[in-house]
Protein chains: 2
Amino acid sequence: MTQSTPAHLTPRKRPRQARAKATLEAIFQATTQVLIAEGPYRLTTTRVAERAGVSIGSMYQYFPHKQALFYALNENYLDALAGRITAACQAQSGASIEQMVAALVNAYWQAKMERPEVTRALYRSVAELDNQALIASFAARVDAAALTMFASANDASFADLTAVNLTLIHCVFGTVRSVFERNLPPQEALTIRDHLMMMCVAYLRSVSDRSPVYNTQK
Amino acid sequence: MTQSTPAHLTPRKRPRQARAKATLEAIFQATTQVLIAEGPYRLTTTRVAERAGVSIGSMYQYFPHKQALFYALNENYLDALAGRITAACQAQSGASIEQMVAALVNAYWQAKMERPEVTRALYRSVAELDNQALIASFAARVDAAALTMFASANDASFADLTAVNLTLIHCVFGTVRSVFERNLPPQEALTIRDHLMMMCVAYLRSVSDRSPVYNTQK
DNA sequence: ACCTGAACACCGTTCAAGT
DNA sequence: ACCTGAACACCGTTCAAGT
């Protein structure tokens, strides 16, 4: 998962002793805490070290610079997120496209909405980084899981599955993020979520080989 | 357009004399240049002032802090973008939903892809800010323009136009941004763009009151 | 192997002095 | 009304000294 991480963002070394592991864990936790409590703007190495109860020098033994710390934090987060989405996809093997779409949307939606401040703060902290590798590795895992899922649909099949899958993934994730960032009143947001599902289903039906009744091609 | 800007991000004062206007313009241009040439990480007040040929003190007469400068820059950008999209929408009054969707997707796509480094750099510079007001004001303009456009469609009409419009807007903008950020090979990106259009059309047909042939409701 | 914290370079921001 | 730039507080990062 971390193969293509840019060299300058790689951790300096891995902890070997127990106390080192504790140090690293404390640093990660402190970073999240400072991020939530004080915001991305006040997230300084000094404050993180202080909150973690370690010296500033300790931090720099593991991370070559501040950015690498944020990078690692986001990597952890995206790894967990990809795991959840992959699991949701696997659970829908052989189901209908409607069920699949609902599962995919809900998995991502829930993950983002569970702790909105964390989502927002993490996102801010990584936006200024070179996050291409993070995105690519997350996307690769999710792409694969969704592809397998949709290939197993019991009520549709697709000639150009790869393109269909890519479109759907970007649509679901892009739309959910867009709604999330706009911070709409909950009821309105939920309406869009439901419409998003309808939209995905309408699309999948329109490009499916089966059920020509729903084929909207002119 | 700037009514709801948070007080702490408001410019300190407006230029009244000609030389002051020139100073402000130089600062904006220098900011963009430094952003592109050196990246968001090296975008410092010192460098901007140096490149603009003004003293650091001059900058602080107009902006209470660095963030306010970035905020203003993004405001300008989003204002222009909203203008382009609004124009594209107006040009499609009375057209088919297919034409409308294509116009909307293309307008946003082109704006983002024209100068990708600028798009990316600007986005990074604003991510760490409190950008809710920026998003809200941009969204309000685009929402209104798209709503008017879709209400005039010659081949569809919608009972819940507001929800349909919101969904479509978020889907188009979210998906395009998602694709943009992933940095896919151009050919693949274009395929998704075309599928995105198909998706939007399939959705609009499925929720339209007219053309029951395309209604996919069970 | 891991931790410490004084020291240094640089950045954001101010403000008294100028025109 | 507008501009200047030395001065200050704070931040990121290093490194010699420790256990």
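In what follows, chains carry the letters A, B, and so on, assigned in the order in which the sequence lines appear, proteins first and then strands, with residues in each chain numbered from 1.
For the pair A:R124 and A:F70, the cation-pi test (distance below 6.0 Å, angle within 45°) is failed.
Each of B:A18 and B:G57 lies near DNA chain D, and the nucleotide nearest B:A18 is the one positioned closer to the 5' end. Along DNA chain C, the nucleotide nearest to A:Q61 and the one nearest to B:T46 differ in position, and the one closer to the 5' end is contacted by A:Q61.
Within the structure, a side-chain polar atom (N or O) of A:K13 is placed less than 4.0 Å from OP1 or OP2 of C:dC2. One finds no side-chain N or O of A:R19 lying less than 4.0 angstrom from the OP1 or OP2 phosphate oxygen of D:dT19. For A:T45, a side-chain nitrogen or oxygen approaches OP1 or OP2 of D:dG12 to under 4.0 Å. Remark: B:R47 is in phosphate contact with C:dC11, judged by side-chain N or O atoms under 4.0 Å from OP1 or OP2.
Of the listed nucleotides (C:dG5, C:dT14, C:dG12), C:dG5 has the atom at the smallest distance from the side chain of A:I56. Of the candidates C:dT13, D:dC2, C:dC2, the closest approach to any side-chain atom of A:R16 belongs to C:dC2. The side chain of B:Q17 lies closest to D:dC2 when the candidates are C:dT13, D:dT13, D:dC2. For A:Y60, whose side chain is taken as the heavy atoms from C-beta onward, the closest listed nucleotide among C:dG12, C:dT14, D:dT14 is D:dT14. Side-chain atoms of A:S58 lie closest to C:dC3 of the nucleotides D:dT4, C:dC3, D:dC2. In the set C:dT13, D:dC11, D:dT14, the nucleotide with an atom closest to the side chain of A:T44 is D:dC11.
A salt bridge does not link A:R182 with A:E188: none of the charged nitrogens is closer than 4.0 Å to a carboxylate oxygen.
In this structure, the side chains of A:L168 and B:H195 stay at 4.5 Å or more apart for every pair of heavy atoms. The shortest distance between side-chain heavy atoms of A:L147 and A:C89 does not fall below 4.5 Å.
Pairing partner, D:dT19: C:dA1, with both Watson-Crick or wobble hydrogen-bond distances short of 3.5 Å. With a cut-off of 3.5 Å on both Watson-Crick or G-U wobble distances, the partner of C:dA9 is given as none.
Enclosure of atom CD in A:Q187 is not indicated, since only 12 or fewer non-hydrogen atoms of other residues, nucleotides or ligands lie within 6.0 angstrom.
Contact annotation for B:F63: no contact, since no heavy-atom pair falls under 4.0 Å across all strands.
Note: NZ (B:K66) to P (D:dC10) measures 18 Å, nearest angstrom. When rounded to the nearest whole Å, the span between CZ of B:R12 and P of D:dC3 equals 14 Å.
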